[in-house]
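Sequence positions, counted from 1, serve as the residue numbers for this chain.
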Amino acid sequence: MGAVTPPKQDRSRATRQRLLASAVACLAERGWAGSTVSVVAEHAGVSRGAAQHHFPTREDLFTGAVEYVAEERSAALRALPVQGRAEVVAALVDLYTGPLFRAALQLWVAASNEDQLRPRVTELEARVGRETHRIAVELLGADETRPGVRETIQGLLDMARGLGLANVLTDDTARRARVVTQWTALLDEALG
């Protein structure tokens with residue numbers, strides 16, 4: 001009895017996911033200039049035509065990739081078991097220190113110079129930012145009706161992004177751990 005071939009729709013979904021993962025990897029490793037549809041297709045092990053079937057433009061591919069991985073990370077954050085604030089702060093900071101952040105950073109830089117990409121990236125980042133903020137509030141058990149709490153959470157996310165930038169050129173793990181400890185203490189004081 002021969003192997004059962006998955007339905008065409010399942011193969012198409014798997015190809016799409018490989019392309020998205022490859023786009024993030026290429027963007028993080030090679031930057032915008034070095035990440036073409038052809039490069040991503042080769043990395044994913046599919047033809048350029050298959051890549052363009054799923055993503056007609058380069059912008060579609062890379063904004064789709066960052067959005068896909070951001071959604072995956074959001075799902076992972078939402079699935080975290082209830083933990084102490086230190087673990088939540090560390091998990092939020094980790095969002096900004098991996099390949100997704102590197103890929104997003106490359107996309108931001110490209111969008112700052114490419115008019116057709118800018119509105120798509122701006123809208124995507126606003127949506128991802130709102131979702132990350134919402135998840136942070138939930139995980140930290142923060143009451144945003146209290147004065148200053150919303151700004152404190154946003155400050156945490158801005159600090160995490162800054163730590164991600166510091167980590168782009170060098171491994172900033174030791175300093176980052178000390179900053180996470182200090183921000184946890186600040187959050188304990190601010191959130192009660």
Exercise for the section: Could you tell me whether the side chains of R85 and T184 share a donor-acceptor contact shorter than 3.5 Å? Expected result: no
Problem - Any L163 side-chain heavy atom under 4.5 Å of R175 side chain - result: yes
Practice task
Report the distance from atom OG1 of T15 to atom NE2 of H53, rounding to the nearest 0.5 Å.
Solution key: 9.0 Å
Handout entry: Sidechain-backbone polar pair: N167 side chain, D172 backbone, donor-acceptor under 3.5 Å
Key = yes
Problem - Side-chain heavy atoms of T173 within contact of T97, under 4.5 Å - result: no
Practice task
Give a yes-or-no answer on whether the side chains of E29 and H43 include a donor-acceptor pair shorter than 3.5 Å.
Solution key: no
Practice task
Would you indicate whether the side-chain heavy atoms of L140 and L156 approach each other to under 4.5 Å?
Solution key: yes
Practice task
Identify whether Y68 and L105 are in the same connected component of the hydrophobic contact network (ILVMFWY, side-chain heavy atoms under 4.5 Å).
Solution key: yes
Problem - Heavy-atom side-chain contact between I153 and R150 under 4.5 Å - result: no
Practice task
Examine V24 and V39 and state if one hydrophobic cluster contains both, with Ile, Leu, Val, Met, Phe, Trp and Tyr joined whenever side-chain heavy atoms are less than 4.5 Å apart.
Solution key: no
Completion exercise
Value for OG1 (T63) from CG (L117), rounded to nearest 0.5 Å, stands at 7.0 Å
Practice task
Decide yes or no for L61 and H54: does some side-chain heavy atom of the first lie under 4.5 Å from some side-chain heavy atom of the second?
Solution key: no
Exercise for the section: May I ask you to decide if L191's main-chain N or O and R146's side chain share a donor-acceptor pair within less than 3.5 Å? Expected result: yes
Exercise for the section: Answer whether the closest heavy-atom distance between the side chains of D60 and T57 falls below 4.5 Å. Expected result: yes
Problem - ILVMFWY network linking V168 to V109, side-chain heavy atoms under 4.5 angstrom - result: no
Practice task
Among L157, I135, V128, T132, find the residue that satisfies the side-chain contact (heavy atoms from CB on, under 4.5 Å) test when tested with L95.
Solution key: T132
Handout entry: Residues which pass ring pair (Phe, Tyr, Trp, His ring centres under 6.0 Å) with F101, listed by chain and number, not counting sequence neighbours
Key = Y96, W108
Fill in the blank from the handout: Closest non-hydrogen atoms of R118 and D115, given as atom of the first, atom of the second and distance, are NH1-OD1, 2.9 Å
Practice task
Show your reasoning for whether side chain to side chain contact (heavy atoms under 4.5 Å, CB included) applies to V137 and V149.
Solution key: CA-CA 9 Å; V137 168; V149 170; over 6 Å; no
Practice task
State, yes or no, whether a side-chain contact exists between V37 and F55 at a heavy-atom distance under 4.5 Å.
Solution key: no
Exercise for the section: Using the side-chain hydrogen bond (donor to acceptor under 3.5 Å, both in side chains) rule, take E144 and H133 through it: C-alpha gap first, then chi angles, then the decisive distance, then the call. Expected result: CA-CA 11 Å; E144 286 194 304; H133 184 98; 2.6 Å; yes
Problem - R102 side chain reached by L27 side chain, heavy atoms, under 4.5 Å - result: no
Exercise for the section: Would you confirm whether E87, through its side chain, and G84, through its main-chain N or O, come within 3.5 Å as a donor-acceptor pair? Expected result: yes
Handout entry: Axial cation check for W32 ring with R58, 6.0 Å and 45° limits
Key = yes
Problem - Side-chain donor/acceptor of S35 to backbone N/O of R30, under 3.5 Å - result: no
Handout entry: Polar side-chain atom of R18 near backbone of A44 as donor-acceptor pair, under 3.5 Å
Key = yes
Handout entry: CD (E42) with more than 12 external heavy atoms under 6.0 Å
Key = no
